[in-house]
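What you see below is based on every heavy atom in this structure, not just the backbone, and it leaves out hydrogens, waters and symmetry mates.
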Amino acid sequence: MQINQTRVKEFILIGFSLYPDVQILLFVIFFCLYFLTILGNLTIMGLTWVDRALHTPMYIFLSSLSFSETCYTLGIIPKMLADLLAKNRTISVIGCGLQMYFFLGLGGTNCIILTVMGYDRFLAICNRLRYPLLMTHILCGELVASAWAGGFFVSLIETALIFRDFFCSPNLVKHFFCHMRAVVRLSCLDSNLTEFMVTLISVLGLLGTFLFITLTYVFILSTVLRIPSAEGKQKAFSTCVSHLTVVIIHFGFASIVYLKPEGSWGDDTLIAVPYTVITPFLGPLIFSLRNKDMKNAFRKVVGKIIT
């Protein structure tokens with residue numbers, strides 16, 4: 001039925017236009033969260049760069065995650081903020097494809113980096129004596145590069161599947177960004193198979209990385225429980241608390257989006273807010289507040305500036 005309809009060259013992002021009375025309030029809230037997110041990530045990257053005490057694998061991965069999160073939010077939130085104040089909420093088909101490609105690629109990269117950070121903690125706790133030999137700076141670079149390559153390779157497949165067909169009017173994307181489910185439903189051809197395939201790829205990626213992280217923490221927990229002193233147990237596991245907290249938040253919000261049944265509760269626009277706005281905001285906050293090395297590095301930098 002859609003084949004005879006007009007092929008579109010741009011989309012209209014409906015987004016928060018369904019809630020006209022609170023758009024200004026949403027703009028203020030999202031802008032503040034976005035500003036603090038960028039500030040937090042830049043602080044982590046800056047401290048890791050200037051403080052030689054943080055030139056360790058754990059903080060290299062954390063800095064890489066902060067950079068990836070910064071790019072992740074940059075591809076979505078500025079456009080969303082502009083649309084909250086604008087009457088024209090259009091985006092070209094090419095622009096939509098690029099936004100989706102970078103969103104999916106950076107989201108996948110974040111998942112893989114979190115997985116690599118779990119593997120790093122596994123080596124540090126379960127193979128403590130061999131850790132410096134196993135987790136070298138060269139391996140750190142290779143793991144980070146693999147995370148970016150893996151994330152964007154999967155994104156390329158998903159984006160190519162969605163944009164291989166033409167899109168027909170009505171050109172209304174029921175979202176505040178080019179979310180793959182919202183866009184694929186506008187395809188001129190039957191979109192059910194494509195939607196199933198891209199959803200399956202995303203779910204397998206989420207479950208695969210989450211299960212790997214879970215497995216590493218099973219080994220970590222078994223090793224920690226064998227430590228005789230309570231102080232030793234607390235010291236060993238304290239290095240994992242921030243990472244584990246971010247993993248639970250990140251995968252928890254993402255699973256709500258990708259694992260919820262079709263047509264179930266909730267507005268997709270509102271459900272997307274936690275993993276596009278709140279999760280990137282909480283990440284640097286958790287890693288900074290619960291990390292003594294990061295706080296000490298911050299005090300050093302501030303002390304040098306004051307003196």
Side-chain angles (χ1 to χ4, degrees), residues 8-42 65-111 148 151-152 154-156 158-160 162-163 167 169-187 198 202 250 253-254 256-258 266-284:
V8 300
K9 296 182 179 180
E10 64 180 15
F11 297 116
I12 298 175
L13 299 173
I14 296 177
F16 296 102
S17 61
L18 299 174
Y19 312 98
D21 297 334
V22 295
Q23 287 191 80
I24 300 298
L25 176 61
L26 290 175
F27 174 85
V28 174
I29 294 173
F30 292 156
F31 178 82
C32 292
L33 291 176
Y34 181 55
F35 176 78
L36 293 174
T37 300
I38 296 297
L39 182 63
N41 283 324
L42 290 178
L65 179 65
S66 296
F67 178 71
S68 178
E69 287 278 18
T70 300
C71 297
Y72 174 81
T73 56
L74 189 63
I76 297 174
I77 299 182
K79 171 64 175 172
M80 178 189 69
L81 293 174
D83 286 346
L84 282 170
L85 300 180
K87 294 182 179 179
N88 182 13
R89 299 181 176 89
T90 62
I91 184 171
S92 67
V93 173
I94 294 176
C96 184
L98 288 173
Q99 186 188 59
M100 184 184 298
Y101 173 68
F102 283 104
F103 168 75
L104 294 174
L106 291 164
T109 299
N110 291 344
C111 289
W148 281 80
F152 278 93
V154 174
S155 174
L156 180 62
E158 292 180 310
T159 307
I162 294 172
F163 283 85
F167 298 93
S169 60
N171 59 340
L172 303 177
V173 177
K174 297 180 180 180
H175 224 294
F176 59 84
F177 70 100
C178 288
H179 189 275
M180 60 180 190
R181 277 186 173 180
V183 173
V184 74
R185 292 167 186 169
L186 303 180
S187 173
V198 295
S202 297
H250 180 91
F253 284 145
I256 293 174
V257 176
Y258 292 104
D267 178 4
D268 285 345
T269 300
L270 297 179
I271 292 174
V273 170
Y275 76 91
T276 55
V277 180
I278 298 177
T279 299
F281 165 73
L282 292 176

Self-check item: Test side-chain contact (heavy atoms from CB on, under 4.5 Å) applied to Y34 and V277, I76, L74, the passing residue
Solution: L74
Self-check item: Rounded distance [0.5 Å steps], SG in C111 versus NE2 in H250
Solution: 3.5 Å
Self-check item: Within residues 67-96 or reaching into it, pairs that qualify as ring-ring contact (aromatic ring centres under 6.0 Å, His included) - sequence neighbours excluded
Solution: F67-W148, Y72-F103
Quiz item: How are the rings of F177 and H179 set relative to one another: parallel (under 30°), tilted (30 to 60°) or perpendicular (over 60°)?
Solution: perpendicular
Quiz item: About how many Å separate CG of L98 and OG of S92, when rounded to the nearest 0.5 Å?
Solution: 7.5 Å
Quiz item: Has the side chain of S187 got a donor or acceptor atom that lies under 3.5 Å from a matching backbone atom of V184?
Solution: no
Exercise. Spell out, as yes or no, whether a donor-acceptor pair under 3.5 Å connects the side chain of T159 to the backbone of L156.
Key: no
Exercise. With the side chain counted from C-beta on, respond yes when L85 and I24 share a heavy-atom pair under 4.5 Å apart, and no when they do not.
Key: yes
Self-check item: P20 to S17 - nearest heavy-atom pair and separation
Solution: CD-O, 3.5 Å
Quiz prompt | Polar side-chain atom of Q99 near backbone of C178 as donor-acceptor pair, under 3.5 Å | solution = yes
Quiz item: What are the two closest non-hydrogen atoms of T276 and T73, and how far apart are they?
Solution: O-CG2, 4.2 Å
Exercise. Establish, yes or no, whether a centroid distance under 6.0 Å links the rings of F11 and F167.
Key: yes
Exercise. Under the side chain to side chain contact (heavy atoms under 4.5 Å, CB included) rule, what do T269 and K174 come out as? Steps first, then yes or no, please.
Key: CA-CA 7 Å; T269 300; K174 297 180 180 180; 5.8 Å; no
Quiz prompt | Interatomic spacing from NZ in K79 to CD1 in I91 - rounded to 0.5 Å | solution = 5.5 Å
Quiz item: Does the side chain of P284 reach to within under 4.5 Å of the side chain of E69, using non-hydrogen atoms?
Solution: no
Exercise. Hey, could you give me the CG/CZ distance between L84 and R89, rounded to the nearest 0.5 Å?
Key: 7.5 Å
Quiz item: Is F31 atom CZ crowded by more than 12 heavy atoms from other residues, nucleotides or ligands, each under 6.0 Å away?
Solution: no
Practice problem: Check whether any side-chain heavy atom of L270 sits under 4.5 Å from a side-chain heavy atom of Y19, and report yes or no. | Solution: yes
Self-check item: Trace of the side chain to side chain contact (heavy atoms under 4.5 Å, CB included) decision for L13 with F176
Solution: CA-CA 6 Å; L13 299 173; F176 59 84; 5.9 Å; no
Quiz prompt | D83 CG to I14 CD1 distance, which is reported to the nearest 0.5 Å | solution = 12.0 Å
Exercise. Taking all non-hydrogen atoms of both residues into account, name the closest pair between P280 and P274 and its distance.
Key: CD-O, 4.4 Å
Practice problem: List the steps and the verdict of side chain to side chain contact (heavy atoms under 4.5 Å, CB included) for F253 and I271. | Solution: CA-CA 8 Å; F253 284 145; I271 292 174; over 6 Å; no
Exercise. Please confirm whether F16 and F30 have ring centers closer than 6.0 angstrom.
Key: yes
Quiz item: Which of these passes side-chain contact (heavy atoms from CB on, under 4.5 Å) with I38: N41, L42, L36?
Solution: L42
Quiz item: If you round to the nearest 0.5 Å, how far is SG of C96 from CD of E10?
Solution: 11.5 Å
Quiz item: So do the side chains of F163 and V93 get within less than 4.5 Å of each other, counting heavy atoms only?
Solution: yes
Exercise. Give the minimum heavy-atom separation between A182 and V173, together with the two atoms involved.
Key: CB-CG1, 3.8 Å
